[in-house]
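For this chain, numbers begin at 1 and follow the sequence in order.
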Amino acid sequence: MKRDLKIPIAIIAVQVILAALAGAFTKLILQNTSWLLQLIAFIIVFVIVYSLVGLVYLKIKK
């Protein structure tokens, strides 16, 4: 990961934790579906939440 955005380690940790929790919640909701659909949904939710937390931090920082 590039450090050019100067996001603190604590914010990165919050990003990862929130994204993992959202992905796990999505996987729990989709537990009766195929594992491939669960995996795809987890990845999509993880990326979206991770990006949103970073964008919110950068907006607040300005």
Straight-line distance of Ile17 CD1 to Ile12 CD1, nearest 0.5 Å:
12.0 Å
Distance-only check: which donor-acceptor pairs under 3.5 Å involve side-chain atoms of residues 32-49, not counting sequence neighbours?
unit_1: Thr33; atom_1: OG1; unit_2: Leu30; atom_2: O; d: 2.6
unit_1: Ser34; atom_1: OG; unit_2: Leu37; atom_2: N; d: 3.3
unit_1: Gln38; atom_1: OE1; unit_2: Lys27; atom_2: NZ; d: 2.5
unit_1: Gln38; atom_1: NE2; unit_2: Leu30; atom_2: O; d: 2.9
unit_1: Gln38; atom_1: NE2; unit_2: Gln31; atom_2: O; d: 3.3
unit_1: Gln38; atom_1: NE2; unit_2: Thr33; atom_2: O; d: 3.3

I need the Gln15 CD to Leu55 CG distance, nearest 0.5 Å.
9.0 Å
Between Tyr57 and Leu18, is there a shared hydrophobic cluster once you connect ILVMFWY residues whose side-chain heavy atoms come closer than 4.5 Å?
no
Is it the case that one hydrophobic cluster holds both Val14 and Ile7, taking links as side-chain heavy atoms less than 4.5 Å apart, direct or via other members?
no
